[in-house]
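Both backbone and side-chain heavy atoms feed into the values below; hydrogens, waters and symmetry mates do not.
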Amino acid sequence: MQTSPHLQTVPVVRTTDLTEVSESMLDRDVAGLSDSINQACLGEADLVPYRVRQALNHALDAKTSARLVEQVLALPHSTQSYTRHILHADPAGMFTVVALRWDANQASPVHAHYTWCAYRVLRGELTESHFEWDRSVEQAYLFNRVARSAGQSVCGHGGMDFIHRLGNEHEQTAVSIHVYGIDSARISSHVNRKLAVKLEVQA
């Protein structure tokens, strides 16, 4: 079994910062979510990504998600890669919230994270491929693929135990919301750790 040969992984991702105004898009469209994430970040470190995931699930019901998706889809986007829009930057630098737009056949590179993360699919369906890191050859091996449809959420800690790839294998544009435990100034350089990979599923 292999990942779809049609997915386009492009290393350059357009990032739009929407936090230059007095009120972030997140605060405008999803009242209270940034405060809930802030409270989650102040708890026990091992539980932070799980608590942030709970905050996303609690705040983003179908109606709220649809409203946020409508706003994200109206923003400029790249036709060459998935597009990342910064929705909220925590003033203290504890976390950054971004929306990702995935047009058909767009995908991320295979990566681990330098920081904890949590995400929720708001529209469409993404395919999440999971990888295991083989330290002996410094390579990641594909072992599983899972469909993530609208309403599903995932979280994980930084490090090599959570290696994945997200991609849209469908014609409908997908939108997801992601929270990373890092300040917005480093969102393009200190979130994803790209890895060498072997795409065949290991027996």
When clusters are formed by joining ILVMFWY residues with side-chain heavy atoms under 4.5 Å apart, either directly or through shared neighbours, do [X] and [Y] land in the same one?
X: L42; Y: W116; answer: yes
X: L142; Y: V146; answer: no
X: I177; Y: M94; answer: yes
X: F162; Y: V98; answer: yes

Check whether any side-chain N or O of [X] sits under 3.5 Å from a backbone N or O of [Y] as a donor-acceptor pair, and report yes or no.
X: N192; Y: K194; value: no
X: S108; Y: L166; value: yes
X: R101; Y: A174; value: no
X: T96; Y: Y180; value: no
X: H157; Y: P49; value: no

Q: Give me the ring orientation class for H88 and F95: parallel if the planes are under 30° apart, tilted from 30 to 60°, perpendicular past 60°.
A: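 The arrangement is parallel - the two ring planes meet at less than 30°.
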Q) When the ring planes of W102 and H178 are compared, do they come out parallel, tilted or perpendicular, using 30° and 60° as the limits? A)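 Answer is tilted, since the angle falls between 30° and 60°.
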Does the side chain of [X] reach to within under 4.5 Å of the side chain of [Y], using non-hydrogen atoms?
X: D161; Y: W133; answer: no
X: R148; Y: Y119; answer: yes
X: T79; Y: D103; answer: no
X: E125; Y: E169; answer: no
X: I182; Y: I187; answer: yes
X: L73; Y: R123; answer: yes

Q: Show your reasoning for whether side-chain contact (heavy atoms from CB on, under 4.5 Å) applies to M160 and R193.
A: CA-CA 9 Å; M160 303 300 282; R193 178 179 178 180; 3.6 Å; yes
To the nearest 0.5 Å, what is the distance between [atom1] on [X] and [atom2] on [Y]?
X: H113; Y: I163; atom1: NE2; atom2: CD1; value: 10.5 Å
X: L47; Y: C41; atom1: CG; atom2: SG; value: 12.0 Å
X: L26; Y: I37; atom1: CG; atom2: CD1; value: 6.0 Å
X: C155; Y: Q54; atom1: SG; atom2: CD; value: 8.5 Å
X: L33; Y: N38; atom1: CG; atom2: CG; value: 11.0 Å
X: H111; Y: R165; atom1: NE2; atom2: CZ; value: 10.5 Å

Q.
Do R53 and S153 pair up side chain to side chain, a donor and an acceptor below 3.5 Å, judged on atom types alone?
A. yes
(Q) What I want to check is whether the side chains of H85 and H77 have a donor and an acceptor closer together than 3.5 Å. (A)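 Side-chain D/A pair, H85 to H77: absent.
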Q. Around E138, counting heavy atoms of other residues, nucleotides and ligands shown, do more than 12 lie under 6.0 Å from its CD?
A.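 Enclosed: over 12 neighbouring heavy atoms sit under 6.0 Å from CD of E138.
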Q: Verify the neighbour count for atom CD of E132: are there more than 12 heavy atoms of other residues, nucleotides or ligands below 6.0 Å?
A: no
**Q.** Pairwise side chain to side chain donor-acceptor pair (under 3.5 Å) hits with a residue in residues 66-76, at least two apart
**A.**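 Checked against side chain to side chain donor-acceptor pair (under 3.5 Å) - neighbours excluded - the pairs reaching residues 66-76 are R28-Q71.
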Taking every non-hydrogen atom, the tightest pair across [X] and [Y]:
X: R120; Y: L60; value: NH2-O, 3.1 Å
X: A99; Y: V72; value: CB-CG2, 3.7 Å
X: T115; Y: G181; value: OG1-O, 3.0 Å
X: V52; Y: A118; value: CG1-CB, 3.9 Å
X: A40; Y: V48; value: O-CG2, 3.5 Å
X: V30; Y: A59; value: CG1-CB, 4.0 Å

